[in-house]
Amino acid sequence: MAALAAMAACSQEPAADAPTPDHLLIGPLFADSFSCAQHWQGQLPHMGDALGSDCYVYRLVDTPSGGKFARAYVNDGLSNEDWFSWNEPVLAGIDGEIIRMHENPVVNEPGNLGEPPASMIVIKRADGAHLLYAHIASPLVEVGDVVTAGQQIAVVGNNGYGRNPHIHLGAWMDGKPLPIAFDLDAYGRLMDDADGSD
């Protein structure tokens with residue numbers, strides 16, 4: 001699968017004796033245009049929340065004046081279906097084992113905070129790096145499964161402590177939260193493949 005090939009660079013693990021990295025490089029979250037808001041140092045204290053990212057699919061939306069704006073939703077955004085992220089396939093950013101999952105069956109209405117915890121998946125890489133996906137829905141994996149970067153693991157939901165469809169990403173290693181960086185080369189290859197270009 002081309003998406004898996006595009007992610008190969010992201011699945012490379014540091015040497016076993018390498019120090020804890022200062023960030024976690026991961027493959028694309030979606031096979032679509034997306035943007036992420038960062039949680040700054042000290043904003044959220046819990047492992048998986050600290051230094052995390054909230055990511056949304058966006059698209060160009062026509063305006064009445066004939067222009068276009070990048071937006072995360074159409075209409076008034078008060079329906080989950082208005083959001084481009086809603087039910088978008090979620091891709092594993094690293095190779096690893098699914099070590100934890102939780103499902104929250106309550107679907108939030110956009111604009112209203114739900115009750116934690118969110119539906120989530122945690123992937124652990126062989127070197128001990130962890131990557132958490134929160135607010136997922138319809139998981140395609142189970143605890144103990146081994147996944148490959150680029151593999152679809154779920155879709156975007158709207159559950160837990162969130163106001164609208166998005167994915168929260170959190171990363172850590174050796175008890176230290178890690179900022180997340182996306183492999184933009186892999187993202188470019190994935191988007192080229194999605195467009196049908198070579």
Side-chain angles (χ1 to χ4, degrees), residues 3 6-7 9-11 13 20-58 72 83-104 108 114 116-125 127-141 145 147-187 190-191:
M7 305 288 283
C10 301
S11 63
E13 297 175 10
T20 301
D22 60 0
H23 70 278
L24 183 64
L25 182 68
I26 70 170
L29 175 59
F30 307 117
D32 206 335
S33 298
F34 68 96
S35 182
C36 299
Q38 310 298 314
H39 292 292
W40 61 85
Q41 179 67 41
Q43 181 185 17
L44 298 172
H46 302 101
M47 200 64 66
D49 288 334
L51 303 182
S53 301
D54 292 333
C55 302
Y56 310 80
V57 171
Y58 71 86
W83 290 78
F84 298 126
S85 297
W86 180 248
N87 282 328
E88 182 76 11
V90 176
L91 308 177
I94 58 174
D95 293 348
E97 180 183 354
I98 306 299
I99 63 162
R100 184 174 176 209
M101 291 184 65
H102 173 76
E103 289 189 66
N104 180 340
N108 297 344
S119 294
M120 72 176 88
I121 294 173
V122 178
I123 303 173
K124 182 179 180 183
R125 202 165 62 179
D127 67 350
H130 293 72
L131 182 58
L132 172 139
Y133 295 76
H135 312 293
I136 59 100
S138 303
L140 301 174
V141 293
D145 286 353
V147 297
T148 303
Q151 176 180 338
Q152 183 181 348
I153 56 173
V155 298
V156 178
N158 182 8
N159 53 66
Y161 196 70
R163 296 180 191 278
N164 52 265
H166 73 286
I167 292 294
H168 170 86
L169 295 172
W172 67 93
M173 185 171 179
D174 298 330
K176 173 187 172 186
L178 298 174
I180 294 167
F182 290 98
D183 184 332
L184 299 181
D185 288 334
Y187 183 36
L190 181 62
M191 295 303 285

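Reckoned from all heavy atoms, side chains included, excluding hydrogens, waters and symmetry mates. In this text the structure is predicted, and so the values were computed from the model without any measurement.
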Exercise. Could Lys176 and Asp174 be called an ion pair, given the rule that one side-chain N must be under 4.0 Å from one carboxylate O?
Worked result: no

For this session: Output all residues satisfying ring-ring contact (aromatic ring centres under 6.0 Å, His included) with His166, sequence neighbours left out; order by chain, then residue number.
Result: Tyr56, His135

Problem set entry | For the student: nearest non-hydrogen atoms of Leu29 and Cys55, plus distance | CD2-CB, 3.4 Å

Exercise. Got a sec, which residues hit side-chain hydrogen bond (donor to acceptor under 3.5 Å, both in side chains) with Ser53, two or more places apart in sequence or on another chain?
Worked result: Gln38

Exercise. How close do Thr148 and Ala92 get, heavy atom to heavy atom, and via which atoms?
Worked result: O-CB, 3.7 Å

Problem set entry | Where Ala129 and Leu24 come nearest, the two heavy atoms and their spacing | CB-CD1, 4.0 Å

Problem set entry | Listed once per pair and sorted, the side chain to side chain donor-acceptor pair (under 3.5 Å) pairs that draw on residues 24-36, sequence neighbours left out | Asp32-Arg59

Problem set entry | Main-chain N/O of Ile98 paired with Asp145 side-chain donor or acceptor, under 3.5 Å | no

Exercise. Would a 4.5 Å heavy-atom cut-off, applied to side chains only, mark Val90 and Ile121 as touching?
Worked result: no

Problem set entry | Where at least one partner belongs to residues 147-168, residue pairs that pass salt bridge (charged side-chain N to carboxylate O under 4.0 Å, His left out), sequence neighbours excluded | none

Exercise. So, does Ser119 use its side chain to make a donor-acceptor pair with the main chain of Ala137 at under 3.5 Å?
Worked result: no

Exercise. Do you know which two heavy atoms are closest between Ala171 and Leu131, and how far apart they sit?
Worked result: CB-CD1, 4.3 Å

For this session: Work out which heavy atom in Gly52 is nearest to a heavy atom in His168; give both atom names and the distance.
Result: CA-CE1, 3.9 Å

Exercise. Is the distance between the ring centroids of Tyr187 and Phe30 under 6.0 Å?
Worked result: no

Problem set entry | Contacts of type side chain to side chain contact (heavy atoms under 4.5 Å, CB included), residue Ala37, not counting sequence neighbours | none

For this session: Applying side chain to side chain contact (heavy atoms under 4.5 Å, CB included), name anything that partners Ile99, two or more places apart in sequence or on another chain.
Result: Glu97, Val122, Lys124, His130

Exercise. Looking at residues at least two apart in the chain, or sitting in another chain, which of them share a side-chain hydrogen bond (donor to acceptor under 3.5 Å, both in side chains) with Asn164?
Worked result: none

Exercise. With Val147, which of Leu91, Ile123, Leu140 fulfils side chain to side chain contact (heavy atoms under 4.5 Å, CB included)?
Worked result: Ile123

Exercise. If only atom types and distance count, is the side chain of Asp54 paired as donor or acceptor with the main-chain N or O of Cys36 below 3.5 Å?
Worked result: no

For this session: Could you list the residues that satisfy side-chain hydrogen bond (donor to acceptor under 3.5 Å, both in side chains) with Gln43, not counting sequence neighbours?
Result: His39

For this session: Please check if the side chain of Gln151 supplies one atom and the backbone of Ile153 the other of a donor-acceptor pair under 3.5 Å.
Result: no

Problem set entry | Flag, side chain of Asn108 to backbone of Gly160, donor-acceptor distance under 3.5 Å | yes

Problem set entry | Within residues 83-104 or reaching into it, pairs that qualify as ring-ring contact (aromatic ring centres under 6.0 Å, His included) - sequence neighbours excluded | Tyr73-Trp83

Exercise. Looking only at heavy atoms, which two atoms of His23 and Ala181 are closest? And how far apart?
Worked result: CD2-CB, 3.7 Å

For this session: Can you sort out the partners of Tyr133 under ring-ring contact (aromatic ring centres under 6.0 Å, His included), two or more places apart, ordered by chain and number?
Result: none

Exercise. For Pro177, which residues count as a side chain to side chain contact (heavy atoms under 4.5 Å, CB included) partner, sequence neighbours excluded?
Worked result: Met47, Ala50, Leu51

For this session: Could you tell me which residues satisfy ring-ring contact (aromatic ring centres under 6.0 Å, His included) with Tyr58, sequence neighbours excluded, listed by chain and number?
Result: none

